[in-house]
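Just so it is clear, the values below take in all heavy atoms, side chains as well, and ignore hydrogens, waters and symmetry mates.
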Amino acid sequence: MRLRTALNDVLGGGTASVLTITFGLSYALLIFAGPLAPYLSYGVAATFIASAVLAAVIGLGSSLPFAIAGPESSTAAMTGILASSMVERITAADPSAPLLAPVMITLALTTIATGIVLCCFGLTRLGRAIRYVPYPVVGGFLGATAWLVVLGAIRVITGQRLQLATLDRFQNALTLSELSAALAMAIILYLTWHRSRTPFALPAILIGGVIAAHIVFWLAGISPADAQASGWTFKPPPSVTLMLPWDIGEMGRYPWSFLPEISGNLIAVVFVTASSALFNTTGIEVAAHREANLEQELNVTGVANILSGMFGGYTGCISVSRTILNFNAGGTGRLSGLTVATISLLMLAFAPTLLGYMPKFVLGGLLIYLGADQLHRWIVQSRRRLSFTEYLSLVAIIIIIVQWGFVAGILIGVVIGCATFALSASRIDSIKYSFDGTEYRSSLDRSRDDLTVLAAHGSKIQGLNLQSYLFFGSANRLYQHVKGLLAHHVDCRFLVFDFKQVTGIDSSAAYSFAQIKRTAHDRGIKLVLVHLPPMAEKALRSSDFISQDIRILPELDHALEWCENELIAQHQDFEQEEASLRDWFTQILDDPDEASELIQRCERLEVDAGEIIVNAGDAADSMHFILEGRVGIMIPKSDGGTTRVRSLGRYTTIGEMGLVSHAPRNATIQAEIASVLYVLNTEQFEAIKDENPLLSQKLLTYFVSVMAERLTFANRLIAVLRR
């Protein structure tokens with residue numbers, strides 16, 4: 001059984017090695033192109049050293065035992081950009097300066113630095129933070145990388161960069177023929193291997209392309225030497241040369257001053273390797289239905305890259321295509337990765353021979369296919385998964401990266417992503433649901449009388465169950481909703497906010513709550529907060545929203561119980577007050593029904609001590625029944641002050657003469673203590689005269705009796721003063 005499992009692992013690893021070899025040759029040509037083309041033998045050695053080290057280390061240490069690792073198209077593209085940037089700066093400073101050693105040292109240092117960063121991400125669990133990078137940013141980053149792979153493929157085929165300044169160099173027949181052949185190869189790969197993905201389809205297609213090319217050369221009378229001289233095929237390196245970059249002399253001559261200038265590309269290598277490792281691992285989890293340990297994957301990938309850099313290789317990570325190919329071929333153990341590592345080492349001897357017979361358009365077509373496939377994924381297929389705004393930001397990030405570099409693209413992309421998120425999040429309703437006291441009550445069992453009160457007056461309790469993160473957009477919408485709610489429910493006296501499903505709150509949201517507090521205070525509404533998280537409480541306290549008049553309770557049930565108790569107590573007080581008022585009016589009118597009608601015509605007014613009820617000179621458009629408290633009649637003095645001429649207590653009236661005569665008020669009425677009055681205005685009095693003349697007559701009789709009593713009191717006072 002163990003032997004069979006081992007054979008399956010070797011077979012799966014051998015199958016995956018086909019892709020490793022093919023991709024490895026393409027990546028070596030992608031990185032060591034242009035001015036670095038004479039050093040291709042070193043590039044091939046670095047590629048297969050990296051393939052061997054990455055496959056062995058990650059194969060032995062991955063949480064997925066069947067994992068196959070190596071350089072990826074995205075990591076190779078970034079490595080190529082880094083090498084090209086270094087070459088440009090060296091040649092700009094000194095055209096005769098050597099290129100190989102500085103480039104190899106740069107790649108090695110970058111790979112080691114990438115490994116260290118990945119290990120730090122794994123040990124501190126910061127690697128998961130990359131999952132919070134907006135999807136359009138990641139898509140734009142990888143889409144730009146794919147575009148750079150296509151540009152690199154064109155450079156491999158023609159030896160020229162595709163730029164506006166170099167377009168004239170692409171007009172000759174040979175260059176156009178090479179590009180056309182590469183494009184045809186890419187189309188063949190799409191029509192065949194892209195759809196089948198069988199293990200041996202890719203090498204069969206590439207071998208077929210090589211044979212077909214040499215047949216065409218033979219028919220055209222082009223010898224192998226002529227094909228190499230004209231640029232149709234690669235000039236084979238004499239041998240693969242392994243170079244360890246840690247020569248003390250070369251390190252001393254290394255242009256360290258260029259590192260700050262290429263730091264953006266260096267950061268991009270780290271970012272793309274980390275993101276590729278995480279996203280590839282996630283893709284393998286989905287395809288193979290296995291769960292991976294992300295921290296372990298980052299640590300192992302970090303160690304593998306450190307060792308790859310120490311031996312002169314470059315960056316890489318776990319591969320989706322090779323790992324799934326190995327898994328489908330029967331590989332389930334760590335022997336698969338060791339098999340790939342062994343075959344990669346053997347390629348150090350066989351790679352030069354393969355390159356000598358390889359037309360450029362074959363491997364160039366493979367690179368074009370790989371880049372175009374990724375471009376299609378991120379530019380075409382992503383349109384179905386993204387909103388229009390997100391898709392535009394993805395395309396914009398691709399353009400920015402291609403035009404101004406990866407650092408600018410990532411920074412602007414993050415800004416665009418955050419702005420898009422803020423816009424989308426502001427559209428999410430921060431209110432999950434609302435309720436009032438008539439439909440949502442506490443769990444406390446109450447008497448029938450109390451339930452009757454809550455059924456009649458429960459709408460005075462309004463509640464809002466909040467959700468998501470509250471920030472400037474969603475919080476302002478909440479404030480506008482509360483304003484509309486209070487305008488619709490003018491009788492609201494308790495406003496309950498349930499923060500149970502709120503994930504956070506920022507300072508601008510705290511300002512919106514301060515606006516809600518002011519609005520509630522103006523209407524005499526009490527605010528109750530439930531399930532308030534510590535961070536939200538801190539933000540609200542810092543904005544002075546939370547004060548002694550704000551009630552904070554741990555559970556919604558307790559909050560509803562408190563509001564209900566307050567409401568029942570207030571209603572009981574009102575009932576007692578109304579009973580007293582009814583008794584008084586019944587005594588005045590000698591009819592309980594007419595007393596009830598008069599109560600309905602009056603408006604309750606509650607005033608504090610010292611509060612002005614009416615001012616002298618105001619229009620006399622109402623009278624007041626004093627149910628509780630005491631008010632004073634104040635007249636102005638010559639020195640600008642006032643003096644009290646009379647004080648009225650409970651069960652007395654004031655302003656009845658003005659209600660009848662409509663003369664301006666000749667005195668100021670001021671509450672001496674907290675008082676409760678019922679106001680009968682002119683409109684209601686006129687309505688009584690029209691609708692109930694008998695009640696109107698009784699009121700006028702009462703007014704005459706009151707005025708007669710006060711006139712009698714005044715006459716007695718005058719008689720005393722005449723003594």
Minimal non-hydrogen separation, D491 against S459, with atom names:
OD2-OG, 3.1 Å

Distance (rounded to the nearest 0.5 Å) between T438 OG1 and H457 NE2
12.0 Å

Taking side-chain contact (heavy atoms from CB on, under 4.5 Å) as the definition, give me every residue that meets it alongside R523, ordered by chain and number, with sequence neighbours left out.
L486, T519, I525

Might you point out which heavy atoms bring I613 and L677 nearest each other, and give the distance in Å?
CD1-CD2, 4.0 Å

Derivation and outcome, side-chain contact (heavy atoms from CB on, under 4.5 Å), residues V614 and I669:
CA-CA 5 Å; V614 297; I669 303 175; 3.4 Å; yes

Which atom of S276 lies closest to which atom of C317, heavy atoms considered:
CB-SG, 3.8 Å

side-chain contact (heavy atoms from CB on, under 4.5 Å) involving Q670 - partner list, sequence neighbours excluded:
I612, M634

Answer yes or no: is there a side-chain heavy-atom contact under 4.5 Å between F121 and L278?
no

Can you find a heavy atom in the side chain of C563 that is under 4.5 Å from one in the side chain of L560?
no

Quick one: pull up CZ in F585 and CD in E597 and give me the separation to the nearest 0.5 Å.
12.0 Å

Considering only distance and modelled atom types, tabulate donor-acceptor pairs under 3.5 Å from the side chains of residues 528-538, sequence neighbours left out.
| from | atom 1 | to | atom 2 | distance (Å) |
| --- | --- | --- | --- | --- |
| H531 | ND1 | D498 | OD1 | 3.0 |
| H531 | NE2 | P554 | O | 3.3 |
| E537 | OE2 | R541 | NE | 3.0 |
| E537 | OE2 | R541 | NH2 | 3.0 |

Run the numbers on R477 and S430 for side-chain contact (heavy atoms from CB on, under 4.5 Å), then give the verdict.
CA-CA 8 Å; R477 290 183 63 192; S430 58; 5.5 Å; no

Do T75 and T273 have side chains that get closer than 4.5 Å, going by heavy atoms?
yes

How many angstroms lie between CG in L598 and CD in E594, if you round to the nearest 0.5 Å?
9.5 Å

Compute whether any side-chain donor of one residue and acceptor of the other, for E297 and S62, lie under 3.5 angstrom apart.
yes

Could you go step by step and tell me if R383 and F388 meet the side-chain contact (heavy atoms from CB on, under 4.5 Å) rule?
CA-CA 8 Å; R383 179 65 187 93; F388 182 72; 3.7 Å; yes

Any residue meeting side-chain contact (heavy atoms from CB on, under 4.5 Å) with D557, in chain and number order, not counting sequence neighbours
S442, S443

Do the side chains of L485 and L495 get nearer than 4.5 Å, heavy atoms only?
yes

Spell out, as yes or no, whether a donor-acceptor pair under 3.5 Å connects the side chain of T668 to the backbone of A616.
yes

Any side-chain heavy-atom pair of V269 and N265 under 4.5 Å:
no

Show the numbers, then the answer: is there a side-chain contact (heavy atoms from CB on, under 4.5 Å) between I461 and R441?
CA-CA 10 Å; I461 304 173; R441 297 176 183 167; over 6 Å; no

Between the CD atom in E291 and the CG atom in L64, the distance rounded to the nearest 0.5 Å is 10.0 Å

Is any side-chain heavy atom of E72 less than 4.5 Å from a side-chain heavy atom of S319?
yes

For E686, is the CD atom crowded, meaning more than 12 foreign heavy atoms sit under 6.0 Å from it?
yes

E603, CD: over 12 other non-hydrogen atoms inside 6.0 angstrom
no

Residues E566, K526: salt bridge by 4.0 Å N-O rule:
yes

dist M623:CE -> I654:CD1 (nearest 0.5 Å) comes out at 9.5 Å

Would you check if the side chain of S275 reaches a backbone N or O of V272 as a donor-acceptor pair within less than 3.5 Å?
yes

Are V679 and F625 side-chain neighbours, meaning at least one heavy-atom pair lies under 4.5 Å?
no

Just by distance, do the side chain of Y651 and the backbone of L581 share a donor-acceptor pair under 3.5 Å?
no

Heavy-atom pair with the smallest gap, counting every atom of N293 and S63
N-OG, 3.0 Å

Any residue meeting side-chain contact (heavy atoms from CB on, under 4.5 Å) with A687, in chain and number order, not counting sequence neighbours
R601, E691

To the nearest 0.5 angstrom, please state how far the CZ atom of F499 sits from the CD1 atom of I505.
5.5 Å

Would a distance-only check, ignoring hydrogens and angles, find a side-chain to backbone donor-acceptor pair under 3.5 Å from N465 to K432?
no

Mind checking whether F513 and F497 have parallel, tilted or perpendicular rings, split at 30° and 60°?
perpendicular

4.5 Å side-chain heavy-atom contact, S596 and R582
yes

Please name the pair of heavy atoms, one in A514 and one in F545, separated by the smallest distance, quoted to 0.1 Å.
N-CD1, 3.9 Å

Looking at N305 and T301, would you say the former's side chain and the latter's main chain have a donor-acceptor pair under 3.5 Å?
yes

Considering only residues two or more places apart or on different chains, which pairs with a residue in residues 474-493 satisfy ring pair (Phe, Tyr, Trp, His ring centres under 6.0 Å)?
none

For W147, does the CH2 atom sit with more than 12 other heavy atoms under 6.0 Å from it, leaving out its own atoms?
no

State, to 0.1 Å, how close A609 and E672 come at their nearest heavy-atom pair, and which atoms those are.
CB-O, 3.7 Å

